[in-house]
Structures are given as C-alpha cells and as structure tokens.
Amino acid sequence: MENLIAQLGEIFEKVLKLKTKYLLLKSEKQNLEVQLNHLKVEVDQYKSEIVKIKKEQEGRVAEDIKTTLSTSEDSNLEPIFSKQEQLKSANIEQVKLQLDDFLEDIDQCIQVIQNK
C-alpha cells in the first residue's frame with residue numbers, strides 16, 4: 001500500500017511538472033504568434049513601400065521622357081522609347097531584388113520563430 005502511495009506521489013509530481021512545462025510552452029507560443037503577426041505587418045509595410053517606390057520611379061521615367069521630347073529636335077522617337085523601356089526594366093529589377101531580400105529576411109525570421 002505504501003508503495004502505491006509513493007508511486008501516486010511521483011505521478012502527481014510528474015503531472016505538475018508536465019503542467020508547468022505546458023503552460024510555459026503555451027505562453028511562448030502566444031509570444032511567437034504575436035511576433036509573427038508583427039512580421040506580417042512589417043511585410044505589408046515593405047510591400048506598400050515597394051509599390052510607392054515603383055510609382056515614383058515610373059513618374060520619374062515619364063518626366064524624363066517629357067523633358068527628352070521637349071528638348072529633342074530629332075523626329076526619331078525610337079531611341080527615347082527604348083531608353084524608357086530600359087529604365088523601366090532596370091527599376092523593376094531593382095524593386096524585385098529588394099522585395100526578394102525583404103522576403104528572404106522575413107522567411108528566415110519565421111523559420112527561427114517556428115523552430116523555437
């Protein structure tokens with residue numbers, strides 16, 4: 001009988017330890033979820049910033065074209081349009097690279113959080 005009581009005591013202690021660890025894990029999970037939500041908000045901010053930069057660059061390209069057209073006396077507009085396309089593609093590539101870098105950093109953060 002005493003052996004049974006001793007075993008119940010050990011089981012009770014182990015259950016208490018298990019409950020304590022569970023509560024710690026639950027708390028950590030909630031903290032990680034909050035961090036993940038913050039990262040998602042940050043991703044959205046970066047995306048909106050990239051869209052803003054892209055629009056600004058497109059505006060600059062349009063201004064460059066207008067100034068080139070107004071100062072150009074050459075009737076051949078083909079070089080102007082090819083320059084415009086080159087600038088657009090270069091700007092798009094820069095934005096894509098920035099976005100890829102941001103997303104890679106965020107993915108790494110998410111992996112670290114998930115591993116915890």
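Not measured: the values here are computed from a predicted model.
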Run the side chain to side chain contact (heavy atoms under 4.5 Å, CB included) check on I50 and K47 step by step: do they pass? CA-CA 5 Å; I50 288 172; K47 285 180 181 178; 5.7 Å; no
Roughly how far apart are [X] [atom1] and [Y] [atom2], rounded to 0.5 Å?
X	Y	atom1	atom2	value
Y22	K29	OH	NZ	8.0 Å
E42	Q45	CD	CD	6.5 Å
L24	E28	CG	CD	8.5 Å
L103	L99	CG	CG	4.5 Å
N37	L32	CG	CG	11.0 Å

Same apolar cluster: F102 and V112, side chain cutoff 4.5 Å: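 No, separate clusters.
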Are [X] and [Y] packed together at the side-chain level, in the sense that at least one heavy-atom pair is separated by less than 4.5 angstrom?
X	Y	result
E13	L16	no
Q57	V95	yes
Q108	E104	yes
Y46	I106	yes
I92	K96	yes
E49	I53	yes
K52	K55	no

Please identify which of these residues, D105, V43, L36, meets the side-chain contact (heavy atoms from CB on, under 4.5 Å) condition with I110. L36
